[in-house]
Structures are given as structure tokens and as C-alpha cells.
Amino acid sequence: MLNGGRTKIAELLKTGNRDCDVVVKGWVRTKRGNKNVAFIALNDGSTVNNIQVVVDVARFDEELLRSITTGACLRVDGVLVTSQGSGQPVEVQARRIEVYGTADPETYPLQKKGHSLEFLREIAYLRPRTNTFGAVLRIRHAMAYAIHKYFNDRGFYYLHTPLITGSDAEGAGAMFTVTTLDMENPPRNEAGRVDYTQDFFGKPCNLTVSGQLEGELGALALSQIYTFGPTFRAENSNTPRHLAEFWMIEPEMAFYELEDNMELAEDFLKYLINYALEHCMEDLEFMNKMWDNELIDRLKFVVHNDFVRLNYTEGIEILKQSGRKFEFPVEWGVDLQSEHERYLVEEHFRKPVILINYPKDIKAFYMKQNEDGKTVRAMDVLFPKIGEIIGGSEREADYGRLRARISELGMNEKDVWWYLDTRRWGSAPHSGFGLGFERLLLFVTGMANIRDVIPFPRTPKNAEF
Ligand code: 4AD
Ligand code: MG
């Protein structure tokens with residue numbers, strides 16, 4: 001095994017082997033002891049648990065031992081034995097210690113346990129070394145892997161859609177401009193406007209808000225595709241559920257109608273949550289104990305219960321009859337706020353809800369229009385503590401109706417000519433949705449702020465690390 005010449009701590013804590021030579025490498029979490037013996041808790045990120053290194057003080061250089069402080073990185077050669085203490089099954093009796101890197105206690109910021117999440121955000125470059133972020137990042141990895149596995153096992157192809165886009169058609173949010181023009185002194189055309197024909201791509205370009213439109217091109221050839229990549233939204237929304245850079249999973253399926261789309265979304269979410277329960281229990285138990293003692297119960301509840309399926313119109317009726325005073329009043333036609341979504345999910349149904357058939361005016365141009373002329377085949381999946389976790393729809397497959405909608409909305413056909421063309425040649429009923437990866441992680445980890453489930457969050461006025 002290529003393990004950097006050591007055994008991972010996760011493996012040592014599980015092994016039945018005893019009295020064998022081992023090499024461990026990792027970062028010191030704590031050091032305690034007395035003048036005869038020192039106990040070092042070492043962590044290498046392979047598990048939330050530490051291995052205890054027992055040091056017979058008399059056998060080591062005093063200066064070397066003094067340089068071993070919280071945060072230092074060590075190589076320890078020793079013998080794995082059954083632990084005499086009660087906290088761990090095994091421990092390492094040190095024979096030789098090499099200090100790879102010291103961490104001056106005067107300056108190293110992660111001295112004690114129990115730093116606030118706010119403080120840790122300010123040192124996001126170091127927070128992966130805490131138990132909490134170790135657990136979150138391992139769960140994040142497991143979920144990314146499970147997503148690929150889910151789709152691969154079902155014959156979906158991973159399609160890489162572009163991050164730089166020349167189309168602003170999706171309309172899912174404000175965009176970041178991509179340019180190589182000199183911002184101080186851009187070239188101008190005769191009308192005095194910035195002359196983008198001289199820009200890198202010869203036209204204005206942005207970072208994508210979604211891979212969907214290109215994903216549809218893939219689905220109309222490969223039948224079932226998914227994207228999984230970063231997306232960018234320049235909204236100035238400083239909420240615990242919004243990032244300016246977040247990862248999205250967007251499956252897109254030919255021959256799926258709205259019903260099929262709902263079934264896939266529910267099955268997919270349950271699979272992922274179940275995967276976490278099966279493969280990340282140690283970390284989930286840690287999160288449950290530290291941050292949210294209903295976490296594991298909530299995860300199991302979602303796996304074992306059917307989601308409610310409800311028309312937007314009925315949802316509005318329930319909200320109006322709730323007697324609840326919402327900050328944003330409810331009327332047919334309004335876009336739901338997270339307070340409304342959470343009322344339906346947490347108080348009325350006490351289950352995840354798939355809300356469908358939204359008014360067309362609050363949804364994107366590409367959604368399939370219903371016969372009533374007022375609503376479209378949209379679906380949002382609403383989750384406890386999160387609100388919207390998935391947004392999707394059946395797509396308008398009819399060339400004439402799609403063109404009419406584009407013109408009705410005052411959009412420029414020239415911006416989406418390629419998208420429209422797929423409805424001219426071999427159009428097919430198709431559907432898809434987008435799962436916000438960090439919203440999923442909020443749910444699975446029990447964290448309350450989306451900045452704490454991505455290694456390096458991008459939010460307004462924050463792009464330091
Ligand atoms: O509902 P949205 O805007 O849908 C789309 O972008 C469609 N193109 C998806 C599709 O049909 N293929 O975004 C999808 C999901 C939301 O439900 C939410 O989970 C997440 O992306 N999301 C965000 N997550 C973090 N920060 C933000 N600013 C987000 N905006 C949306
Ligand atoms: Mg949405």
C-alpha cells in the first residue's frame with residue numbers, strides 16, 4: 001500500500017494485531033503526562049479518533065520532547081500494544097520520534113478544543129485540522145463518491161459542462177464576468193460602450209450558474225447524463241444557505257416526465273443519506289454528539305418515509321390557512337421563502353415535500369407548460385432545516401411553445417439558438433433537476449451554516465483562502 005511509509009491511524013485502531021512494529025505519522029492534538037511518562041494524542045485525518053502514543057520520558061532527548069506541542073507533526077516508530085487506559089483499544093509505545101514540523105504554542109491558533117465556528121471560519125486554512133472539519137470533509141468526500149457511484153451504477157454518463165459560458169439564458173442568478181480586458185481602460189466602440197469583440201472570447205462571457213442547458217444537449221444524445229461541478233452566483237445574499245461558489249449535481253434524462261423526475265430525486269436523496277449512514281457512522285456520531293443530537297434520527301427518518309407530493313396551489317392554501325404570520329405574506333403567484341418551505345415540511349407534514357406545478361411567472365423559461373396556461377411542470381424538493389434542496393422540472397420539448405415563451409419573456413432568441421435547435425431536430429420529452437451539494441451536506445452533517453460544509457467558502461467580501 002502506498003501510504004507514505006506509515007500505517008493509517010484508522011487501520012491501527014481497528015486491527016487485531018498486537019506487539020508488532022508500526023510507524024505512525026500525524027499531528028499532535030494534545031500532549032499530557034508527568035515527569036516519567038508522556039501521552040501524545042496523534043491524528044492523521046483518517047478518522048476522528050486519535051491514537052495514543054506513550055513516551056517513556058527517560059528514553060528521549062529533553063529538547064525533542066519539549067518541541068512536541070499541539071499542532072506539531074511527528075513520525076513515531078514504536079510497538080502497537082493493547083492500551084492500558086480505557087479510552088482506546090490500542091496505543092503505540094514510542095521507540096523513536098522524529099519531529100517533522102513544530103508548532104510554536106505562542107503563535108499556533110488551534111491550541112484548545114471548542115473554538116467557535118465563527119472563529120474557525122477566520123482561519124479556514126487551518127480548520128481541516130479540527131475534529132469537526134475532519135468529519136465534515138470526510139463526509140463530503142463520501143457523498144461525492146456516492147453520487148458518482150449512484151449514477152454510474154444506473155448507466156448515467158458524467159458530462160463535463162463548461163464553467164465559462166457565453167449565454168446568460170438560465171436566469172438563475174446574477175453572474176460573474178470573465179474578461180481579460182483592461183478594467184482601467186477598456187476598449188470602446190463607436191457608441192462608447194465596452195467593445196467586447198476585443199475581449200478574449202470576442203463577446204461578453206460569464207461564470208456559469210448551472211450546467212443544465214448544456215446538460216440537456218447531452219441527454220438528447222446519451223439519454224441519461226449528469227453533471228457535477230462548481231457553479232457561481234453573484235447574488236449578494238448573506239444567508240446560512242447561500243454561497244457565491246457552490247457545487248451542483250444536475251442529472252438530465254431523455255424520456256423522463258415529471259413523475260419519473262420526482263421518483264429519481266427521491267430515490268437519489270435516500271440513497272445518498274443511506275450511504276452516509278452505512279459508511280460514515282463514526283463521523284455522524286461525532287456530529288450528532290457535538291452539534292445536533294437529532295441528526296442521526298432525522299437521517300433515518302428521511303430514508304424510511306415517503307416524501308409528500310403536493311401542488312403549489314395546494315401548498316399556498318395550506319400556508320394561508322395556517323394562521324401563521326409570515327414575514328413574507330403568501331398569495332398565489334409568490335415565490336416561496338424558506339420560512340414557508342420550512343413550515344410545510346417541519347410543521348404541517350413533518351416530512352420532506354416535493355412541491356410541483358408552480359406558476360410559470362416565477363420559474364425559468366425552459367420549464368414545460370401545463371395545459372392550464374398558468375403553471376409549469378416544476379418541482380422543488382423541500383427538506384427539514386434546509387428548505388429547498390433540489391430544484392428541477394420537466395423541460396419544454398415543443399419548439400413552437402418554447403419559442404413563444406422566449407419571446408414572451410423578452411429574451412433574445414440569438415442567445416439560445418443552439419438550445420432551441422435541439423427542439424427542431426429529434427426533440428424528446430425530458431426532465432432533470434439540480435441538487436445543491438452543500439445543501440445536501442448541511443442536511444447530512446447537521447451543520448447550520450453552509451460556510452461550514454465547504455473547505456473554502458466564497459461569500460460576499462470573502463475570498464481569502
Ligand atoms: O433551483 P436552482 O437555481 O436550479 C437550477 O439551477 C436548475 N438549472 C437545476 C436543474 O434543473 N438542472 O438550483 C438548484 C439547487 C437549489 O435547489 C439549491 O439546492 C442549490 O442548487 N443552490 C444553492 N446552493 C448554495 N448556494 C446558492 N447560492 C445556491 N443557489 C441554488
Ligand atoms: Mg430553485
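In what follows, residues are counted from 1 in the order of the sequence shown. Both counts, for ligands and for their atoms, begin at 1 and track the order of listing. Side chains are part of it too, since the values below use all heavy atoms of this structure and drop only hydrogens, waters and symmetry mates.
- Across all their heavy atoms, G71 and R129 have their closest contact at O-NH1, 3.8 Å.
- Cation-pi geometry between R121 and F119 is not met: the NZ or CZ atom fails to fall both under 6.0 Å from the ring centre and inside 45° of the normal.
- Considering backbone and side-chain atoms together, I389 places an N or O closer than 3.5 Å to an N or O of ligand 1.
- Protein heavy atom nearest atom 5 (C) of ligand 1, with residue, atom name and distance: E170 OE2, 3.7 Å.
- The residues D361 and R405 are annotated as salt-bridged, a charged nitrogen and a carboxylate oxygen being separated by less than 4.0 angstrom.
- The distance from atom NE2 of H430 to atom CD of E396, rounded to the nearest 0.5 Å, is 9.5 Å.
- Separation of the F349 and Y343 ring centroids does not fall under the 6.0 Å cut-off.
- At least one heavy atom of R241 sits under 4.0 Å from some atom of ligand 1.
- Around the Mg ion (ligand 2), the protein contributes the following N, O or S atoms at distances under 2.8 Å: E388 OE2.
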Full working for side-chain contact (heavy atoms from CB on, under 4.5 Å) between N206 and I164
CA-CA 6 Å; N206 299 298; I164 299 174; over 6 Å; no

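- Geometric assessment of K363 against the ring of Y358 yields a positive cation-pi assignment under the 6.0 Å and 45° thresholds.
- Not a single heavy atom of Y226 sits closer than 4.0 Å to an atom of ligand 1.
- Not one N or O of H242 is nearer than 3.5 Å to an N or O of ligand 1, by distance alone.
- Taking the six-membered ring where the residue is Trp, the centroids of Y158 and H160 are separated by under 6.0 Å.
- At a 3.5 angstrom cut-off on N or O pairs, E235 does not count as close to ligand 1.
- Note: no N/O pair closer than 3.5 Å links S393 and ligand 1 by distance alone.
- Residue contacts with ligand 1: Q212 is placed with a nitrogen or oxygen under 3.5 Å of a nitrogen or oxygen of the ligand (distance criterion only).
- In this structure, K374 forms a cation-pi arrangement with W332, its terminal cationic atom sitting closer than 6.0 Å to the ring centre and no more than 45° off the ring axis.
- Under a 4.0 Å heavy-atom criterion, I386 is not in contact with ligand 1.
- Both tests do not hold together for R395 against Y256: distance to the six-membered ring centre under 6.0 Å, angle to the ring axis within 45°.
- Close approach to G391 involves these atoms of ligand 1, each under 4.0 Å from a residue heavy atom: 1 (O), 9 (C), 10 (C), 11 (O), 17 (O).
- The two residues R423 and L402 have their closest heavy-atom pair at NE-CD2, 3.6 Å.
- Looking at F246 against ligand 1, only its side chain comes within 4.0 Å, counting heavy atoms.
- Around CZ of F456, the count of heavy atoms belonging to other residues, nucleotides or ligands within 6.0 Å exceeds 12.
- Here the protein heavy atom with the shortest distance to atom 18 (C) of ligand 1 is R439 NH1, 3.5 Å.
- An N or O contact shorter than 3.5 Å links G436 to ligand 1 by distance.
- By the 4.0 Å heavy-atom criterion, E438 is excluded from the residues contacting ligand 1.
- With a 4.0 Å heavy-atom cut-off, ligand 1 is reached by no atom of D380.
- Heavy atoms of M367 stay at 4.0 angstrom or farther from ligand 1.
- The shortest N or O to N or O distance between L243 and ligand 1 is under 3.5 Å.
- Contact annotation: for E245 versus ligand 1, there are no heavy atoms closer than 4.0 Å.
- Surrounding NZ of K113 are at most 12 heavy atoms belonging to other residues, nucleotides or ligands under 6.0 Å away.
- Annotation: cation-pi geometry not satisfied between K270 and Y275 (NZ/CZ under 6.0 angstrom from ring centroid, within 45° of ring axis).
- E388 OE2, 2.6 Å is the protein heavy atom nearest to atom 17 (O) of ligand 1.
- Heavy-atom contacts from other residues, nucleotides or ligands closer than 6.0 Å to CZ of R424 number more than 12.
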